[in-house]
Amino acid sequence: MATDTLTSPPALGSSTAPKVYKNFIDGEWVESSTGETFENRNPADTRDVVGIFQKSAKTDVDAAVEAASRAFAKWRLVPAPRRAEIVFRAAEMLLERKEEYSRDMTREMGKILKETRGDTQEAIDTAYYFAGEGRRMFGPTTPSELPNKFAMAVRTPIGVCGMITPWNFPMAIPSWKILPAIVCGNTCVIKPAQDTPLSTFNLVRTLADAGVPHGVINIVTGFGSMVGTPLTEHPEVRAVSLTGSTAVGRIVGTTAAQSFKHCSLELGGKNPMIVLDDANLDLAIEGGIWGGFGTTGQRCTATSRIIVQKGVYAEFVERYVDRAKGLKVGNGLDESTEMGPAINEAQLKTDLSYVEIGKSEGAKMKCGGNRLDQGEYQYGYFMEPTVFVDVDPKMRIAQEEIFGPVVSIIPCEDLEDGIAIANGIEYGLSSALYTKDVNKAFVAMRDLHAGITYINAPTIGAEVHLPFGGVKATGNGHREGGMGAIDFYTEWKAVYVDYSDRLQKAQIDRID
Ligand code: NAD
């Protein structure tokens, strides 16, 4: 890896100027063609500049794609087990750097340390999983219909892959894309979210240190229209993988289709958790708090709707609201903090606007609803955990993705009614059911229209070796994690070897 002054950013209050991070193209750290930069600030304390990053443009994307294209010519020929060994080494190095990178992530993203350690661990788990995949990547051999002829299907890499990522899992999500892509023999250009580029740098720096050759992974930082759009349009980019909002997914999907790129879209969610009368309420309340307010509600899988059967509704509401009121909000670097800030001012404004929408729709706000801006909160984007109850499933707060600490509790009659409410939205990412009745659990597993269903656990907590993704407006049918990623980052090639020494004609040479 090219040497650079990549060091830990200065401590808060230090007089040292914030570190300037450059784009990573062809193994070199280079400034953007625009000569412009942007700041990455800590959302818990905006006086803290985490780093200065390049505000890049199409010229930088072109240079990165060209480098990735050149690197592809050699990388695709490196045997997959060798490629995977580099990823394994990176996993070991990430383990050693886990605490440092998790602290960087809390600083740039705001979520609490316990969760950023989980985010880094998810990248480590993903690395170990795909390191093993280098010796599998199985394809079928199958009988030919003709004598003395051999038939098989092999997985081949696609080429240069463009990756566009969001800010809420700033190391895990890039790892879901980069690691399977390179093990399969592809090369990449990644544009991280402008709010959280440092964690992607930390991941890519580790991969470079582990021995990934120049040009195989390139980072171009900047904004959606200036970097994401040219990356999606570039004719040499053969696959695009976006995780982001449904609105951006629609644009990226439409653009990628113009040049027939593979395109994986992992988009928004409005995830329901159903609690039936027979549920273990202690467990359901604990799960609903973790699912609703973990990551400040900023997970695509956040438990943003809790649908509770009438027999336990009153008790659930009372106890849930008590727990929500008691959550300790603050800077995620403090180990005792339970909920951090919103990612930025715009997101905080959106969250607060949905408080007003909920009130105007007639939902009862039982706690929260206010920005926290006194004392230690004054420099960050904090708000109170907010719970609306007696929410009608058709209200906007029950239909639209808020992406903040605002939970809607909706009453239901029974399992059938709960499932109908759960399914009555445009999204279909995650879902959950709390019950002790195995029959009801199996009905829910079958009928909840979502990519993920949890029984007796909240809507968050995916593991890296299972398919991750959703139905309806949550995506376009691809899955990340496990085999789904190998399917996305390879193309099948059918290979026939005729050792009969004569022309044999499929479908025509038959003994009838
Ligand atoms: P976003 O859609 O605003 O941005 C995502 C990325 O797309 C960013 O890097 C952004 O710069 C880029 N972008 C924006 N406009 C673009 C354009 N026109 N062309 C190309 N790229 C463009 O999303 P966000 O605010 O970063 O993240 C939150 C959203 O991500 C939520 O909707 C959440 O549900 C979703 N998300 C989904 C999953 C999943 O796996 N389903 C996981 C995490 C987050």
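Count residues from 1 along the sequence. Just the heavy atoms: all of them, side chains too, but no hydrogens, waters or symmetry mates, feed the values below. Whatever order the structure lists them in is the order used to number ligands and atoms, beginning at 1.
Scanning the protein heavy atoms around atom 2 (O) of ligand 1, the nearest turns out to be Ser245 OG, 2.6 Å. In terms of protein heavy-atom proximity, atom 40 (O) of ligand 1 is nearest to Phe468 CE2, 3.1 Å. At the top of the distance list for atom 28 (C) of ligand 1, counting protein heavy atoms only, stands Phe403 CE2, 3.5 Å. Annotation: atom 32 (O) of ligand 1 to nearest protein heavy atom, Glu401 OE1, 2.6 Å. Distance from atom 12 (C) of ligand 1 to its nearest protein heavy atom, with residue and atom name: Ile164 CG2, 3.5 Å. Regarding atom 13 (N) of ligand 1, its nearest protein heavy-atom neighbour is Gly224 CA, 3.5 Å. In this structure, atom 26 (O) of ligand 1 lies nearest to the protein heavy atom Trp167 CD1, 3.1 Å. Of the protein's non-hydrogen atoms, Thr165 O, 2.8 Å is the one closest to atom 9 (O) of ligand 1.
Scanning Gly162, Gly244, Cys300 for the heavy atom closest to atom 30 (O) of ligand 1 points to Gly244. When Val240, Leu267, Asn271 are checked for heavy-atom proximity to atom 41 (N) of ligand 1, Leu267 turns out nearest. Across Asp195, Leu231, Thr301, Thr229, heavy-atom proximity to atom 18 (N) of ligand 1 is greatest for Thr229.
Applying the 4.0 Å criterion to heavy atoms of Ala193 picks out, from ligand 1, the atoms 9 (O). Under a 4.0 Å criterion applied to the non-hydrogen atoms of Val252, ligand 1 contributes the atoms 19 (N), 20 (C).
For the ligand labelled ligand 1, residue Leu242 lies inside the 4.0 Å heavy-atom shell. Heavy-atom distances between Ile173 and ligand 1 reach below 4.0 Å in at least one pair.
Distance check on atom 4 (O) of ligand 1: every protein heavy atom falls at or beyond the 4.0 Å cut-off.
No salt bridge links Asp351 with Arg371; every basic N to acidic carboxylate O contact stays at or beyond 4.0 Å. A salt bridge links Asp26 with Arg70; the closest basic N to acidic carboxylate O contact falls under 4.0 Å. A salt bridge is defined here as a Lys NZ or Arg NE, NH1 or NH2 lying under 4.0 Å from an Asp or Glu carboxylate O, and Arg205 with Asp209 fails to meet this definition.
Under 4.0 angstrom from ligand 1, there are no non-hydrogen atoms of Phe169.
Ring to ring, Phe201 and Phe24 are not that close: their centroids are 6.0 angstrom or more apart.
Minimum heavy-atom separation, Ala441 to Leu433: CA-CD2, 3.8 Å. A pairwise comparison of heavy atoms in Met273 and Gly287 identifies SD-C, 4.5 Å as the closest pair. Heavy atoms only, all atoms of each residue included: Pro385 and Phe293 are closest at CB-CE2, 3.7 Å. Of all the heavy atoms in Thr474 and Tyr427, the pair that sits closest is OG1-CB, 3.6 Å.
The cationic atom of Lys270 (NZ for Lys, CZ for Arg) does not lie both less than 6.0 Å from the six-membered ring centre of Phe403 and within 45° of the ring axis.
Using cut-offs of 30° and 60° for the angle between ring planes, the Phe488 and His262 rings count as perpendicular.
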